[in-house]
Amino acid sequence: MSTLRRTEIASLLKDANINEDVLVKGWVRAFRANRFIALNDGSAFDNVQVVVDFENFDEALLKQISFHSCISVKGKIVESQGSGQSIEIIAEEIEVLGGADSDAYPLQPKKQTLEYLREKAQFRMRTNTFSAVFRIRHAIAYAVNKFYHDHGFYYMHTPIITGSDAEGAGEMFHVTTFKPDTAPRDEDGAVDYKKDFFGKETNLTVSGQLQAEIGALSMGKVYTFGPTFRAENSNTSRHLAEFWMIEPEVAFNDINDNMDLAESFSKYLINYILDNYPSDLAFLEKRILDMEKQLPKEKRRAMPLIETLRFVVDNDFERITYTDAVNLVRSSKPFKKGKFEYDLDWGKDLQAEHERWLVEKKFKKPVIVVDYPKDIKAFYMRANEDGKTVAAMDVLFPGIGEVIGGSQREERHDLLLARMKEMDVSEEELSWYLDLRKFGGCPHAGFGMGFERMVLFITGMSNIRDVIPFPRTPGNAEF
RNA sequence: GCCUCUUUAGCUCAGCUGGUUAGAGCGCCGGACUGUUAAUCCGUAGGUCCUAGGUUCGAGUCCUAGAAGAGGCGCCA
């Protein structure tokens, strides 16, 4: 081919010069009427249409232009005669870079289930749905960093391998270089971790929060954004064993500042995608609407995707205390009629069905619940004046539930120490954490946002395994 | 960890209360078609009905166990 430089399809569609010669490369999304190739290189949602005059090309070459084959096209930009696009490329030279034998290739130009595509993760990003999801996933990650950078936060990398198992956020994955059968033993027959790589027991992190507090109490405003691991045997469409979490931690913030941050941060992310990825969102919205046509009315979304996102950014999140939430649920119709599976008394955690009622039926928008009973929350959350509750908050989103969980941290050394003793948290292991209260401590607060749960909400997808390229769930670590 | 559902052609599914040659659409392959937008039209091929046992004259259909997938709950983000 010539010395012409490749043009990305995104920039070609943005400002095309009629009659200009261009070189494009990408994957064939469709080859219609032996004449029209829909070509996509991932740079944008939209395809460029390549028009082929079959008399000018070898039949054997055209045969290789099959679904998802990779080709290079040199041609001239013209105004399109068809109605689906404004410009198109009249092909002059075509080279097949990588064929995709239709007989053996597992994907087809038709609807295939997300479950099937999940098993073909090496190819699923070539589909409209997954390329839209993963473009948006990227953009949300970018917006996370942009939001915090623009607000004067420092991005802090907390460790992925931790020596502490006191974080209390769930079951951990053990990290060791020992093989199970040959691990050295001490005199009592227990595995001797003093001889292991780190000289002690280590695990994959379940949260960067405790380390982020170190950052907050020195640099003021920090956030972590990294992979997090939970060895919980959770079989749901909202849990992953390996997921990404965003954890801001801010000195001098109280629980109300924390709620303000959680709300403005959530809205920023949604707005960023609304502003910058309209084609992808429109496609995802249409996909959901088509799919829901087969469902009874009560099982469909209350609002189409984009309208839902707009509604969330245009309205204040509802803020209620745990105590008020319990009273609301208990005086609700479904509760009185015994429609809920679980009972609810003050002191018990709100069940998913109760949260769903609050968010989807009562308020119809994100709800922040604050001031939970201390006995159902972690040791580091700040005790309230009433002696019964702590300054903890959960942000609940429609259709997903908890997307953010956070708190004002207990900055009073004696109260924290007493709470650790009560909850049997190792004082020795967390002496550094207690030091933050002993020396130069101050009120501070932070939260954790489940990144994939935010991606779920913004894309309107329903299974968390479809918003991460390579999902890790119980019994599954393919790719 | 608990509960429920699903598994039939390459893909998406139908197959009623067990009954003899197992069905459709799409895809593939062959043919037609130079303005299509999941192109269309005609034709052909394609099945260890997830696996292993069992019940029965007879099992895709019933029973038991296992495997894989999905949904719900709990745990959480």
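So that the names make sense, note that chain A is the first sequence line, chain B the second, and so on, each numbered from 1. Computed from heavy atoms alone, side chains included, the values below leave out hydrogens, waters and symmetry copies.
Residue A/S234 is in base contact, counting any heavy-atom pair closer than 4.0 Å across all strands shown. As judged by a 4.0 angstrom heavy-atom cut-off over every strand, A/Q85 is placed among the base-contacting residues. Using a 4.0 Å heavy-atom cutoff across all strands shown, A/E88 reaches at least one base atom of the nucleic acid. A/I246 comes within 4.0 angstrom of no nucleic acid atom, judged by non-hydrogen atoms across all strands. Looking at heavy-atom distances under 4.0 Å, A/G82 makes contact with a base. At the heavy-atom level, A/E115 lies under 4.0 Å from the strands shown only through sugar-phosphate atoms. Contacts of A/Y342 with the nucleic acid, taken as non-hydrogen atoms under 4.0 Å apart, involve only primed sugar atoms and P, OP1 or OP2.
Contact annotation: A/R356 side-chain N/O to B/rC73 OP1/OP2 distance is under 4.0 Å. Residue A/N476 places at least one side-chain N or O under 4.0 Å from the OP1 or OP2 atom of B/rG69. Phosphate proximity of B/rG71 to A/R238: absent, as no side-chain N or O sits under 4.0 Å from OP1 or OP2. Note on A/N463: a side-chain N or O is less than 4.0 Å away from OP1 or OP2 of B/rG71. OP1 or OP2 of B/rG1 has at least one side-chain nitrogen or oxygen of A/N233 nearer than 4.0 Å. Residue A/R32 places at least one side-chain N or O closer than 4.0 Å to OP1 or OP2 of B/rA39. Taking only side-chain nitrogens and oxygens, A/R29 never comes nearer than 4.0 Å to OP1 or OP2 of B/rU37. Here A/Q49 does not reach the OP1 or OP2 of B/rU37: none of its side-chain N or O atoms lies under 4.0 Å away. Residue A/S237 places at least one side-chain N or O closer than 4.0 Å to OP1 or OP2 of B/rG72. The phosphate of B/rG30 (OP1 or OP2) has a side-chain N or O of A/K63 nearer than 4.0 angstrom.
Annotation: B/rC29 and B/rU7 have their P atoms spaced 30 Å apart (nearest Å). For the P atom pair drawn from B/rC73 and B/rU12, the interatomic distance equals 26 Å after rounding to whole Å. Comparing the same atom, P, in B/rA52 and in B/rG60 gives a spacing of 13 Å after rounding to whole Å. B/rC2 and B/rC11 have their P atoms separated by 31 Å, given to the nearest Å. Atom name C1', nucleotides B/rC50 and B/rU61: the rounded distance is 15 Å, in whole Å. Atom name C1', nucleotides B/rA9 and B/rG35: the rounded distance is 35 Å, in whole Å. Rounded to the nearest Å, the gap between the C1' atom of B/rA77 and that of B/rU40 is 49 Å. Across B/rU51 and B/rA68, the matching C1' atoms stand 11 Å from one another, rounded to whole Å.
Two residues, A/E341 and A/G475, neighbour RNA chain B, and the one matched to the more 5' nucleotide by heavy-atom proximity is A/G475. Ranked by how close their nearest RNA chain B nucleotide is to the 5' end, A/D349 and A/V52 are led by A/V52.
Using a 3.5 Å distance cut-off with no hydrogens or angles, the side chains of A/S207 and A/E247 do pair a donor with an acceptor.
Note on ring orientation: taking the six-membered ring where Trp is involved, the planes of A/F379 and A/Y433 are perpendicular (angle over 60°, cut-offs 30° and 60°). Using the six-membered ring where Trp is involved, A/F229 and A/F173 have ring planes that are perpendicular, over 60° apart on the 30 and 60° scheme. Ring-plane geometry between A/H151 and A/Y268 is classed as perpendicular, the angle between the planes exceeding 60 degrees on a 0 to 90 degree scale with a lower cut at 30.
The pair A/E452-A/R137 counts as a salt bridge, with a side-chain nitrogen and a carboxylate oxygen less than 4.0 angstrom apart. Using a 4.0 Å cut-off between a side-chain N of Lys or Arg and a carboxylate O of Asp or Glu, A/R319 and A/D260 qualify as a salt bridge. One finds a salt bridge joining A/R124 and A/D466 here, because a Lys/Arg side-chain nitrogen approaches an Asp/Glu carboxylate oxygen to under 4.0 Å. In this structure, A/D375 does not pair ionically with A/K388, as no charged nitrogen and carboxylate oxygen lie closer than 4.0 Å.
Across the protein-nucleic acid pair, A/L350 atom CG and B/rA77 atom C1' stand 16 Å apart, rounded to whole Å. Between A/N34 atom CG and B/rC41 atom C1' there is a gap of 15 Å when expressed in whole angstrom units. One can place CD of A/E232 at 16 Å from P of B/rC73, the figure rounded to the nearest angstrom. Between A/N128 atom CG and B/rU37 atom P there is a gap of 16 Å when expressed in whole angstrom units. One interatomic measurement links the two molecules: CD1 of A/I89 to C1' of B/rU37, which rounds to 16 Å at whole-angstrom precision. Per the geometry, CD belonging to A/E249 stands 13 Å off P belonging to B/rA77, to the nearest Å. When the C1' atom of B/rA77 is taken as reference, atom CD1 of A/I458 falls 15 Å away, rounded to whole Å. Atom CZ of A/F397 and atom P of B/rC76 are 20 Å apart (whole Å).
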For nucleotides 4-13 of chain B, give me one character per nucleotide, 5' to 3': B if any protein heavy atom sits under 4.0 Å from the base, S if the only such contacts are to the sugar-phosphate, - if neither. ------BBS-
Can you give one letter per nucleotide of nucleotides 44-52 of chain B, 5' to 3': B if a protein heavy atom sits under 4.0 Å from the base, S if only from the sugar-phosphate, - if neither? ---------
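Across all strands shown, B/rU64 is found opposite B/rA52 as a Watson-Crick or G-U wobble partner, with both distances under 3.5 Å. Summarising the base pairing, B/rA59 is matched to no nucleotide, lacking a Watson-Crick or G-U wobble pair whose two defining distances lie under 3.5 Å. Nucleotide B/rC33 forms no Watson-Crick or G-U wobble pair with any nucleotide shown, as no partner meets the under 3.5 Å limit on both distances. Under the Watson-Crick or G-U wobble criterion, with both distances below 3.5 Å, B/rU4 is paired with B/rA70.
Applying ring pair (Phe, Tyr, Trp, His ring centres under 6.0 Å) to A/F265 and the options A/Y272, A/F153, A/F147 leaves one that passes, A/F147.
Put simply, the side chain of A/T236 and the base of B/rG74 share no donor and acceptor less than 3.5 Å apart.
With hydrogens and angles disregarded, a donor-acceptor distance shorter than 3.5 Å links the side chain of A/N40 to the backbone of A/F45. Using a distance-only test at 3.5 Å, with no hydrogens or angles considered, a donor-acceptor pair links the side chain of A/R453 to the main chain of A/E402.
Aromatic ring centroids of A/F340 and A/H354 lie under 6.0 Å apart. Ring pair A/Y155/A/Y223: centre-to-centre distance below 6.0 Å.
Among B/rA77, B/rC73, B/rA39, the nucleotide with an atom closest to any side-chain atom of A/A352 is B/rC73. Residue A/R230 places its side chain closer to B/rC76 than to any other of B/rC76, B/rG69, B/rG35. Looking at the side chain of A/Q351, the nearest of the listed nucleotides B/rG74, B/rC33, B/rA77 is B/rG74.
For A/F67, the side chain to side chain contact (heavy atoms under 4.5 Å, CB included) partners are A/Y105, A/L107, A/P109, not counting sequence neighbours.
Residue A/F36 and nucleotide B/rG35 are not classified as a stacked aromatic pair, given the requirement of ring centres less than 5.5 Å apart at an interplanar angle below 30°.
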